[in-house]
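So you know, we letter chains A, B, ... as the sequences are listed, proteins then strands, and number each from 1.
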Amino acid sequence: MIGKNSCGHVRQLLALEAGQDLVEQDREGVRQHLDKCAPCRDHFDRVQAGRQVLEQVRAGTTGNGASYRSMWPEVKARLLARQSRAAALGRPAFNGWLPIGALAAACIAILVVADGGTPTSDRTAFQAPYNQSPHQVQPVANPLSWRADDNDGNLMNQEDGPMLQRMPASRRPGQRGNLNFRPESSRIVPGDFEKIPSPD
Amino acid sequence: MIHMSEQETQSAEAQLPGDAGSDARLVEEVRRGDSDAFGHLVRRYEMRLVRVLMRFVQDWELARDLAQETFLRAYERLDQFDPARRFGPWLFRIGVNLTLDFLRTRKRRVWASLFSDSSADKPLDPAVADPRQALDLEQEVRKVLDELPEKYRTVLILRDLENFSTSEIAAIVNRKEATIRWRLAEARNRFQQIWLHRRDGRPLHPTQESSSDDREE
């Protein structure tokens, strides 16, 4: 382990001191070390020389802005072009999430309407009565903390992410299941869905 | 929305940026639909942004293209920007990340072509070998910088070539300031070591420098 006053530690501080980046509280200790350590003094000289090279490069390339041509006209033209494209497609510009969200909402709507379910529970807007078809898809709040198993003992482990499980063909629609949900949070995470098997 | 303006700023290059108010006020105006406000932001930061990106890519036109793309992305993400924070570091973060991604992609392509193409060296070298000392020095420095790991090279460029403060760099690369200071120290130590090795033939002793991995976040 390198002690605070060891040369290794001091050389890190010296590299900061070379660019005047050392905090005041460390400066005195570094000075005292340099008074006693010639190799560290040599190291400091080398680091300073390296910084001077960088400063030369910086000074040599600052240049002047007299001949610089602003890119704002080009940026504006590209923004207008994107805007026009978005308008032509009939959607707001610069909103990549909107089509994804619309597609997800459409899928949910199709699945819910197809099964004729209507949300009734106040826990989640998507929970349906038990007399749902076997292909009812319902979102699960906070899927990582939910563990449910159906009558067949298939554990719907959500730790790896949301899963969709098909209803066994033997299950008849409208029958009650024996699902044991223990939601740890009622918070709904968009996009997290789980097929709930029909009750037996 | 950007509204088409009949009187575009023809003398944009002559107009000094920074007179249009604070960055936060300009961002708010952009959000309300004032496209000229975004133009003010562009003109305020473009020169420095291009120069910073030039440090990474060594090609003026490429740096300018990357800077343009940076502004476009910043515009698209303006609704995600927290006005309580500073616009400059946020903008430069977009630009630096974009540039680093570009360089990584280009490096992979160079490696891929290495075995099929003998011209795997820097594709952006000037057509004429300029004998001027300044250009030689810059090229030599460039070579040394290229030998540094990306995280050290980035900090060294931003601090010692572009004079960003350590707190600004921390905001740009999204790290704690203590981490930036540590990286800066390591970068300077390595730079001087490699520089002297290339110039004087001094041996490299990478084990002499203390390990920085245990100091990173």
Side-chain angles (χ1 to χ4, degrees), chain A residues 1-2 6-19 21-23 26 39 43-84 86-87 92-96, chain B residues 1-2 4-5 8-10 12-15 17 35 38-40 42-43 46-47 50-51 54-55 64 67-69 71-72 75-79 134-135 137-138 140-142 144 156 159-163 165-166 181-182 184-189 191-196 208-210 212 215:
Chain A
M1 184 175 160
I2 299 173
S6 68
C7 290
H9 179 74
V10 168
R11 289 182 186 192
Q12 291 299 101
L13 299 179
L14 286 173
L16 293 176
E17 174 66 2
D21 294 304
L22 192 63
V23 295
D26 290 330
H43 176 83
F44 185 54
D45 292 341
R46 290 193 297 270
V47 174
Q48 277 190 316
R51 272 218 76 246
Q52 283 167 8
V53 168
L54 291 169
E55 282 189 6
Q56 272 183 272
V57 170
R58 181 176 75 191
T61 53
T62 45
N64 61 66
S67 60
Y68 179 81
R69 177 177 57 87
S70 175
M71 66 179 66
W72 170 233
E74 294 149 286
V75 171
K76 184 169 181 174
R78 288 177 68 177
L79 286 171
L80 280 168
R82 289 190 186 186
Q83 191 178 317
S84 299
F94 318 124
N95 188 351
Chain B
M1 285 288 274
I2 293 184
M4 184 68 96
S5 169
E8 194 63 10
T9 308
Q10 301 296 326
E13 56 271 16
Q15 183 175 354
S35 62
F38 193 69
H40 284 299
V42 170
R43 286 188 285 269
E46 58 181 333
M47 281 184 64
V50 172
R51 197 177 66 233
M54 259 285 289
R55 302 287 189 194
R64 200 177 159 89
Q68 273 193 33
E69 185 61 32
F71 284 117
L72 291 170
Y75 185 89
E76 291 171 2
R77 299 173 189 178
L78 218 52
D79 55 341
L135 187 57
L137 179 66
E138 192 173 344
E140 284 303 310
V141 166
R142 184 72 239 168
V144 174
L156 196 63
R159 179 73 187 108
D160 287 349
L161 289 180
E162 285 300 318
N163 210 28
S165 68
T166 50
R181 293 163 56 79
W182 179 259
L184 181 62
E186 192 66 24
R188 284 175 178 162
N189 282 331
F191 179 86
Q192 64 86 16
Q193 198 179 35
I194 299 171
W195 178 259
L196 291 175
Q208 278 186 352
E209 305 298 342
S210 56
S212 62
R215 293 291 295 268

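- The two residues A:Q12 and B:N189 have their closest heavy-atom pair at OE1-ND2, 2.7 Å.
- Put simply, the side chain of A:V53 does not reach to within 4.5 Å of the side chain of B:E140, judged on heavy atoms.
- When every heavy atom of B:E162 is checked against every heavy atom of A:R58, the shortest pair comes out as N-CD, 4.3 Å.
- In terms of non-hydrogen atom pairs under 4.5 Å with chain A, the most contact-rich of B:L156, B:L72, B:V144 is B:L72.
- Nearest heavy-atom pair, A:L54 versus B:L161, reported as atom, atom and distance to 0.1 Å: O-CD2, 3.3 Å.
- Using a 4.5 Å cut-off between heavy atoms, B:A187 does not touch chain A at all.
- Of the listed residues B:N163, B:V50, B:T166, the one with more heavy-atom pairs under 4.5 angstrom with chain A than any other is B:N163.
- Using a 4.5 Å heavy-atom threshold, the side chains of A:V47 and B:F191 count as separate.
- Heavy atoms only, all atoms of each residue included: A:A15 and B:A185 are closest at CB-O, 3.4 Å.
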Quick one, B:R181 with A:V23, criterion side-chain contact (heavy atoms from CB on, under 4.5 Å). Give me CA distance, side-chain angles, the key distance, then yes/no. CA-CA 10 Å; B:R181 293 163 56 79; A:V23 295; 3.3 Å; yes

Run the side-chain contact (heavy atoms from CB on, under 4.5 Å) check on B:F71 and A:L79 step by step: do they pass? CA-CA 10 Å; B:F71 284 117; A:L79 286 171; over 6 Å; no

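- Taking CD of B:E76 as the start and CZ of A:R82 as the end, the distance is 4.5 Å to the nearest 0.5 Å.
- Looking at A:R46, its side chain never comes within 3.5 Å of a backbone N or O of B:Q192 through a donor-acceptor pair.
- Across all non-hydrogen atoms, the minimal contact from B:R188 to A:D21 is NH2-OD2, 2.7 Å.
- Shown here for A:E74 and B:R64, the closest heavy-atom pair between the two residues is OE1-NH2, 3.0 Å.
- A salt bridge links A:R51 with B:D160: at least one charged nitrogen is closer than 4.0 Å to a carboxylate oxygen.
- A distance-only check finds no donor-acceptor pair linking the side chain of B:E46 to the backbone of A:S70 [under 3.5 Å].
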